[in-house]
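Numbering of ligands and ligand atoms starts at 1, following listing order. Because the structure is a prediction, the values reported are computed rather than measured. Nothing fancy with the numbering, it's 1 onward along the sequence.
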Amino acid sequence: MRLVWTSDLHLNHVDLRAWDAWVAQVCREGVDAVVVTGDISEAEDVVFQLRRMAESISLPIYFVLGNHDFYGSSIGATRRSVASVTRDLPSLCYLTDASTIELTPGRYLVGEDGWGDGTEGDYENSPVRLNDFVAIEDFRQVDPISWPRLLREQGAQSADRLRQKLLALPESARGVTVATHVPPFRESCWYEGRTTDDLWAPFFVCGQVGAVLKQFAGEHPAIEMTVLCGHTHHAGTAEMAPNLVVHTAAAEYGAPRVERVLEW
Ligand SMILES: [Fe+2]
Ligand SMILES: [Fe+2]
């Protein structure tokens with residue numbers, strides 16, 4: 001089983017030439033499936049871009065959504081239209097809306113969007129305010145005082161769903177790949193070869209998903225956990241426990257790429 005992993009495609013910034021090159025690169029790898037860890041495009045055309053991917057690449061495409069995928073709409077409405085297109089196109093699988101998937105005997109795939117949930121770093125004193133707050137209806141429509149509560153709620157929902165999926169793994173599971181958009185730990189939140197500081201961490205780490213992963217890894221030492229994430233656009237690997245490794249993907253606007261091929 002070989003999977004090609006790609007992240008933060010931001011296809012609304014990608015011209016036809018770069019798109020063709022990316023499709024050719026994915027197909028050249030000769031893999032069995034594709035995993036995309038979010039920021040596919042923005043709400044206006046994310047469904048179009050998913051259809052286009054399904055029509056251009058004849059492989060199962062497993063994906064989660066990133067914060068940019070909700071720009072121009074709300075989180076709930078975007079998730080609903082994305083889940084609905086996956087009903088029409090069986091090669092598309094929105095992992096946030098799916099249960100545990102067995103890739104090969106004993107090796108599973110699960111996924112959750114995740115959110116920079118404000119649980120790491122120093123939200124109160126951070127001057128950072130992402131475009132999320134003006135571009136996503138859930139944030140734009142409420143008083144800024146509610147923003148940290150909403151961030152925390154999104155992180156909690158992702159963490160709860162992920163916990164249920166991990167607990168549904170059978171006794172025979174030996175490995176699980178977790179696809180998510182937001183790095184779940186500060187140690188996996190890379191920028192130019194260094195990990196995040198207190199001012200960026202609230203928006204670039206999903207601490208509640210991290211806590212679920214750490215607890216599950218500790219309680220299931222025989223299950224090898226590989227986490228794939230994006231969001232920072234800078235690559236790095238963090239070993240959080242002997243059985244818990246987190247890979248973060250690089251990305252560049254306008255130049256979608258293949259991060260790596262995973263093999264079992
Ligand atoms: Fe991104
Ligand atoms: Fe992102």
Using side-chain heavy atoms (C-beta onward) and a distance below 4.5 Å, is Phe139 in contact with Leu151?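 Counting from C-beta outward, Phe139 and Leu151 do come under 4.5 Å.
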
Measuring to the Fe ion (ligand 2), does [X] have an N/O/S atom at a distance below 2.8 Å?
X	result
Asn67	yes
Asp39	yes
His68	no

Between the side chains of His13 and His68, does any donor sit under 3.5 Å from an acceptor?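 There is no such pair between these side chains.
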
Check the surroundings of atom CD in Glu124: do more than 12 heavy atoms from other residues, nucleotides or ligands lie under 6.0 Å from it?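 Check fails, neighbour count at 12 or below.
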
Can you tell me which N/O/S atom of His231 has the shortest distance to the Fe ion (ligand 2)?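 Among the N, O or S atoms of His231, the one closest to the Fe ion (ligand 2) is ND1.
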
Nearest to the Fe ion (ligand 2), which N, O or S atom of His181 do we find? NE2

Nearest 0.5 Å, what's the CZ-OG distance between Arg51 and Ser56?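 One finds 13.0 Å between CZ of Arg51 and OG of Ser56.
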
What does the angle at the Fe ion (ligand 1) come to, between atom NE2 of His233 and atom OD2 of Asp8, rounded to 10°?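 NE2 of His233 and OD2 of Asp8 make an angle of 90° at the Fe ion (ligand 1), to the nearest 10°.
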
On the six-membered ring of Trp19, is Arg52 placed so that its NZ or CZ lies under 6.0 angstrom from the centre and within 45° of the ring axis?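 Yes, Arg52 sits over the ring of Trp19.
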
